[in-house]
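Because the structure is predicted, anything quoted here is derived from the model rather than measured.
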There are 2 protein chains.
Amino acid sequence: MFMLERSDLMLIDAIDRLGTVTKAADELYLSQSAISHAIKRLETTMGVKFWKKSGRNLVLTPAGKRLLTHARRLLPQFEHIEQEISGFKSGVQGKLRIGMECYPCFQWLLKIVAPFLKAYPQVDVDVLKEFQFAGLAGLFNYDIDILVTPDPVFRPGLEFIPVFAYEQVLVVNSQHALLQKPFAEPRDLLQETLLSYPIEDSRLDIYTQFLLPVGGSVRKHKKIENTEIILQMVAANRGVTVLPRWLIEEHREQFDISALPLGNTGIHKQIYLGVREDSDPPKFQRDFVSLALEGKLLQP
Amino acid sequence: MFMLERSDLMLIDAIDRLGTVTKAADELYLSQSAISHAIKRLETTMGVKFWKKSGRNLVLTPAGKRLLTHARRLLPQFEHIEQEISGFKSGVQGKLRIGMECYPCFQWLLKIVAPFLKAYPQVDVDVLKEFQFAGLAGLFNYDIDILVTPDPVFRPGLEFIPVFAYEQVLVVNSQHALLQKPFAEPRDLLQETLLSYPIEDSRLDIYTQFLLPVGGSVRKHKKIENTEIILQMVAANRGVTVLPRWLIEEHREQFDISALPLGNTGIHKQIYLGVREDSDPPKFQRDFVSLALEGKLLQP
DNA sequence: CATAAACATGAACAGGATTAATGGTTTAGA
DNA sequence: TCTAAACCATTAATCCTGTTCATGTTTATG
């Protein structure tokens, strides 16, 4: 009775990735013939053709494509398991892969990662930006172990832990007229240029929580990658932006900027750590969460 | 260079599940000695001990436990892949596993599954209730292929497709005084007994969307599994409940009940189908979604 | 203390996986 | 158009992995 093995998945992955059986054989430290035989065995035992000849190469059949997508999904998990397991022989070693879904997350994360790295010298930390992993899917696929995000998903199988509360404030030039007011109202932005990180409007709080509910808008909206550049432009009176208050406090000295709340209540957000509800995750992973929670206490 | 294989995962799983190496050998159609050798090979090549002797049995070390949880996660996926792949040889055959996260979902699903089964006689349909899978995790783990839920999660890697809109209405006895009013207000429920399915309050629309926002409450809250029983109790004037309007229409004849909107706008919900953003899912899976969407058109 | 249950070990074996050698197609390029 | 190179398939021989068999050791049980 045949069993699809990891080696079969590696086979189909390598052939597709490298284009030819010969190159795949090379990568897998096998002969071309070995691969050819393996293909035959796989296809006959499963009773399904995964490749067909096209010229002098092999191309995937629909069944093959399907198997490939599963291979692409599972193989990294095997690698991750091996990494994790080999950690058990050499002490506490391991790797913590953190995915981030928001810009302020990164700024906050930097503050937490530093003490963690110090406390766990044997643990590697990988910080993945949004485009390098697939959000929730990344968590479940074991591409990442921790998801840092402002949008929690409270569903079975997941745990989202609030670790940091902050207020989103409107950042303006220090001489800006708006600073006369105790807080900004949507209509105050009608003539302003909004500067933001390059993400969809639907994920910007100023739209979802401030402008859209009352049909407000801005004169212009410019998207910029870099926080410093954004602040520089605000300081130069080229626009306004929305950022966490604590981030602004840290740049007060450097830039000629001030901040005021959005609306009379202000926009309040939380950063959450999302983790899988795993049966016994590595200790350093739980410890990272604890450390983040301690940080929460420190940051009033 | 050693590779953790599926067979290794099967090994650790079987030993743990059956308790002894001997029984595991039995299940895997191997000799006890074969397993014993395999264990040794696995442990020496990975450089980690996964079992230690306890009396005359083997018990898992922490590393072993960790490997086991990964095994439990991955093995079903292999089985699923094999199932799916073998579908390619015998035509359109396959299995569609649908997970449900809400009670009205089930009622709705029944209507969709029937025509699907007729249209795809070679496809098996498994409908899993909430406690048999882990929601979103089930989707990503390939425990289920489609998640039926009223709470969509719009995140990368997932697609949630609205397939059915309905109104949650307050269901009362046909002689109930409230029926004089055009719609129910939160204070109307102060003296009522609320009947609901046995789920947490935080997932009941009447709380989250009706009572809690204004600090309302009910006199008493009883949780009951079965729709018919609930309706019987409402008919007997033993309480009120909240259900989709279309469900009530279907039971009008049978029970002495009537319905009225919750609040002046009513509570409006949608059922969504959640699927993985897979590269080419099986055809019958996409077809199921299409069928559900057609159903949407039929149900005004 | 005898017995059975359970796992470990060593030697021998079988068969599956690998390779080398060769042949058959296809394609690129002169 | 022809040749050489690139690529995959097949055969037969070989290797070596994983298996079994036989036996040993430890532990629980009555």
Would you indicate which nucleotide in D:dC8, C:dC7, C:dA4 comes nearest to any side-chain atom of B:R56?
-> C:dA4

Please give, in whole Å, the distance from [N] [atom2] to [X] [atom1]?
{"X": "A:D26", "N": "C:dT18", "atom1": "CG", "atom2": "C1'", "answer": "15 Å"}
{"X": "A:M3", "N": "D:dG18", "atom1": "CE", "atom2": "C1'", "answer": "17 Å"}
{"X": "B:L18", "N": "C:dC7", "atom1": "CG", "atom2": "P", "answer": "11 Å"}
{"X": "B:W51", "N": "C:dA6", "atom1": "CH2", "atom2": "P", "answer": "17 Å"}
{"X": "B:L58", "N": "D:dT27", "atom1": "CG", "atom2": "P", "answer": "12 Å"}
{"X": "B:K52", "N": "D:dT26", "atom1": "NZ", "atom2": "P", "answer": "19 Å"}
{"X": "A:E5", "N": "C:dA17", "atom1": "CD", "atom2": "P", "answer": "10 Å"}
{"X": "A:N57", "N": "D:dA5", "atom1": "CG", "atom2": "P", "answer": "18 Å"}

Would you check if the distance from the ring center of A:F284 to the ring center of A:Y120 is below 6.0 Å?
-> no

Just checking, B:R276 and B:Y142: is the charged tip under 6.0 Å from the six-membered ring centre and within 45° of the axis?
-> yes

Candidate pair B:V163 and B:I112, rule side-chain contact (heavy atoms from CB on, under 4.5 Å), full reasoning = CA-CA 11 Å; B:V163 289; B:I112 303 296; over 6 Å; no

Under 4.0 Å between a side-chain N/O of B:T22 and OP1 or OP2 of C:dC7, yes or no?
-> yes

A:T61 and A:W51: CA distance, side-chain angles, deciding distance, side-chain contact (heavy atoms from CB on, under 4.5 Å) verdict = CA-CA 5 Å; A:T61 62; A:W51 293 270; 5.7 Å; no

Kindly indicate, with the supporting measurements, whether the criterion side-chain contact (heavy atoms from CB on, under 4.5 Å) is fulfilled by A:V125 and A:L117.
-> CA-CA 8 Å; A:V125 174; A:L117 284 173; 3.7 Å; yes

Taking 4.0 angstrom as the limit, do B:D201 and B:K223 come out as a salt bridge?
-> yes

Near DNA chain D, under 4.0 Å by heavy atom, which residues of residues 29-46 of chain B?
-> B:L30, B:S31, B:S33, B:A34, B:H37, B:R41

